Amino acid sequence: MRRKRMPINLDQIPSFEEHGNGFDQHSVLVEEIEGLIRVYGNGYVERPQIVPSVSNALPPELGVTSWDVVVDKLNNIWARFYIPTQCQEKLPLLVYFHGGGFCVGSASWSCYHEFLAKLSAKADCIIMSVNYRLAPENPLPAPYEDGLKTLQWLKQVAFNGAKQNWWSRYCDFTKIYLGGDSAGGNIAFNVAARLGGKTTASGAVVMKPLVIKGNILIQPFFGGESRTKSEKFLVQPPHSPLTTAVSDTYWRLALPSRANRDHPWCNPSANGVFEVEDLRVLPSLICISEMDILKDRSLEFCSALHRVGKLINYVVYEGVGHAFQVLNKSQLSQTRTLEMMDHIKDFLSV
């Protein structure tokens with residue numbers, strides 16, 4: 001049960017180390033998502049390890065090699081790479097942002113490690129899974145800034161060549177895609193909107209020597225003060241990863257102080273963002289789940305982009321809910337996940 005929200009300064013949240021042994025275990029709990037995050041009135045944040053973090057090791061039979069790199073030591077931004085072991089030619093690169101409502105999750109979570117390793121093998125691509133800063137310690141736009149820093153890091157890798165990064169000889173830096181699920185989809189969209197460089201006739205953005213060709217947005221996490229039908233009426237099963245109440249809590253923790261859910265980072269439709277003439281929207285594949293409370297908002301998002309002439313393609317996956325591809329092991333979810341991987345492979349090959 002979520003307790004009554006109390007005033008909290010999210011701009012100055014101390015770390016666990018700063019509390020030391022003097023941490024008041026009886027501080028008032030002001031926000032909680034059961035099993036995932038607790039935020040206390042004195043600013044202390046707890047994240048129970050509901051999903052195990054794992055090393056970059058993978059079974060050899062999967063045919064994928066994985067390793068970790070530091071992107072920005074100061075801000076603790078790092079990434080986990082995946083590349084098919086039998087790579088014979090240059091492959092597209094998918095820069096991926098994990099989900100978790102901007103507040104939880106990691107590139108080392110076992111569910112993402114498994115999903116992205118399989119996606120790398122299935123879609124025949126290199127994947128860079130970014131571990132960005134989390135709210136409430138680092139509210140929006142910190143993850144967007146981390147995404148841009150990641151692209152700057154990639155530019156340097158492309159300039160330096162294979163002498164410093166062996167994998168770069170297998171990477172086609174003219175075929176880079178930004179993607180993610182849930183909050184990661186929101187990040188991919190907003191990072192693309194902030195890109196500098198020239199836009200080609202196909203909608204790609206040139207950041208020499210990089211070419212950012214498209215977005216892959218899986219159940220992108222957006223919201224709004226006014227509820228959609230699926231947010232109001234779509235009944236979620238027990239232990240669903242995203243309910244309306246959980247969504248609201250994530251947004252309270254992630255948005256800037258005193259902002260509501262009609263802030264443009266949460267609800268671009270309510271702020272005329274799509275009507276901005278020079279809005280950067282990459283050609284996009286948008287993956288929607290039929291049983292997700294975000295379904296109607298995602299469909300509205302697609303319609304808004306289509307109305308202003310943006311190149312989008314969307315798929316609705318029947319019978320599955322939010323984050324099914326990483327959190328649900330049912331036979332139906334596994335079937336839909338393979339379908340999603342095929343759609344992503346096709347999008348990367350365009």
Side-chain angles (χ1 to χ4, degrees), residues 47 49-71 76-100 104-132 134 146-147 150 153-154 157 162 164-173 175-185 187-188 216 218-219 241 287 323-331 333-349:
R47 292 183 178 87
Q49 195 169 2
I50 192 170
V51 178
S53 289
V54 296
S55 73
N56 55 33
L58 289 168
E61 60 269 21
L62 191 58
V64 173
T65 298
S66 178
W67 70 98
D68 298 342
V69 300
V70 175
V71 174
N76 195 29
I77 307 168
W78 60 274
R80 179 162 294 181
F81 275 83
Y82 302 86
I83 185 172
T85 52
Q86 299 301 316
C87 177
Q88 300 296 325
E89 58 185 3
K90 287 184 178 292
L91 300 178
L93 170 64
L94 171 59
V95 180
Y96 194 91
F97 302 94
H98 66 77
V104 299
S106 170
S108 67
W109 270 15
S110 58
C111 56
Y112 283 107
H113 188 55
E114 179 182 347
F115 170 67
L116 294 176
K118 290 179 178 178
L119 178 60
S120 175
K122 179 80 170 176
D124 203 24
C125 66
I126 301 172
I127 297 177
M128 180 185 189
S129 178
V130 181
N131 202 75
Y132 53 87
L134 299 176
D146 294 351
T150 299
W153 182 88
L154 276 175
V157 168
Q164 294 187 27
N165 296 275
W166 65 268
W167 59 271
S168 66
R169 68 170 61 96
Y170 301 110
C171 180
D172 187 342
F173 288 101
K175 293 182 179 178
I176 294 180
Y177 296 80
L178 306 179
D181 65 293
S182 194
I187 294 169
I216 299 172
I218 302 173
Q219 303 131 6
C287 302
F324 72 88
Q325 72 283 354
V326 290
L327 296 179
N328 195 313
K329 298 296 184 182
S330 72
Q331 185 58 55
S333 290
Q334 292 182 48
T335 299
R336 296 289 181 261
T337 299
L338 291 176
E339 293 172 358
M340 177 186 288
M341 289 182 177
D342 283 336
H343 294 143
I344 292 173
K345 180 178 182 179
D346 291 343
F347 186 73
L348 294 175
S349 64

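Only a predicted model underlies this, so the values are computations on that prediction, with no experimental measurement involved. The figures that follow rest on heavy atoms only: side chains count, while hydrogens, waters and symmetry mates do not. In this chain, numbering begins with 1 at the start of the sequence shown.
- Counting heavy atoms from C-beta on, the side chains of Leu178 and Ile187 never come closer than 4.5 Å.
- Interatomic distance, NZ of Lys122 versus CG of Leu62, reported as 12.5 Å (0.5 Å rounding).
- Between the Ser333 side chain and the Ser330 main chain, no donor and acceptor come within less than 3.5 Å of each other.
- Ser168 places a side-chain N or O within 3.5 Å of a backbone atom of Asn165 that can act as its donor or acceptor partner.
- A side-chain donor-acceptor contact under 3.5 Å links Gln334 to the backbone of Lys329.
- Contact of the Ile77 side chain with the Val130 side chain is registered, since non-hydrogen atoms from C-beta on lie closer than 4.5 Å.
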Working for side chain to side chain contact (heavy atoms under 4.5 Å, CB included), residues Trp78 and Val71 = CA-CA 5 Å; Trp78 60 274; Val71 174; 5.5 Å; no
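- Residues Phe324 and Val326 fail the side-chain proximity criterion, which asks for heavy atoms closer than 4.5 Å.
- Ser120 and Pro84 get closest at one heavy-atom pair: OG-CD, 3.4 Å.
- Applying the side chain to side chain donor-acceptor pair (under 3.5 Å) test to residues at least two apart or on different chains, the pairs with a partner in residues 52-68 are Ser53-Ser108, Asp68-Arg80.
- Relative orientation of the Tyr132 and His98 rings is parallel, given thresholds of 30° and 60° on the angle between their planes.
- Considering only heavy atoms from C-beta on, Met128 stays 4.5 Å or farther from Tyr96 through its side chain.
- The backbone N or O of Asp146 sits less than 3.5 Å from a side-chain atom of Thr150, completing a donor-acceptor pair.
- Between Cys111 and Leu327 there is a side-chain heavy-atom pair separated by less than 4.5 Å.
- Taking each heavy atom of Trp153 and Val70 in turn, the nearest pair found is NE1-O, 3.6 Å.
- Taking OG from Ser106 and CG from Leu134, the interatomic distance works out to 8.0 Å, rounded to the nearest 0.5 Å.
- Here CD1 of Ile218 is found 4.5 Å from CZ of Phe115. Values are rounded to the nearest 0.5 Å.
- Taking each heavy atom of Tyr170 and Ile126 in turn, the nearest pair found is O-CD1, 3.6 Å.
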Derivation and outcome, side chain to side chain contact (heavy atoms under 4.5 Å, CB included), residues Val64 and Ile83 = CA-CA 5 Å; Val64 173; Ile83 185 172; 5.9 Å; no
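- Between Leu93 and Asp172, the closest side-chain pair of non-hydrogen atoms is not below 4.5 Å.
- Once rounded to the nearest 0.5 Å, the distance linking CZ of Arg336 with SG of Cys287 reads 13.0 Å.
- For Lys90 (side chain) and Arg169 (main-chain N/O), a donor-acceptor pair under 3.5 Å exists by modelled atom type.
- Here CE of Met340 is found 8.5 Å from CG of Asp181. Values are rounded to the nearest 0.5 Å.
- Judged by distance alone, the side chain of Gln219 and the main-chain N or O of Ser182 form no donor-acceptor pair under 3.5 Å.
- For the residue pair Ala107 and Ser129, the shortest heavy atom distance occurs at CB-OG, 3.5 Å.
- Atom CD1 of residue Ile344 and atom CD1 of residue Ile216 lie 5.0 Å apart, to the nearest 0.5 angstrom.
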inquiry  = Please evaluate residues Tyr82 and Leu58 with respect to the criterion side chain to side chain contact (heavy atoms under 4.5 Å, CB included), reporting the C-alpha separation (whole Å), side-chain torsions for both, the decisive distance (0.1 Å), and the verdict.
reply    = CA-CA 10 Å; Tyr82 302 86; Leu58 289 168; 4.2 Å; yes
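- In this structure, Phe347 has its ring center closer than 6.0 angstrom to the ring center of Tyr177.
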inquiry  = Show, in sequence, the C-alpha distance, side-chain angles and deciding distance for Val54 and Trp109, and conclude whether the side chain to side chain contact (heavy atoms under 4.5 Å, CB included) test is met.
reply    = CA-CA 6 Å; Val54 296; Trp109 270 15; over 6 Å; no
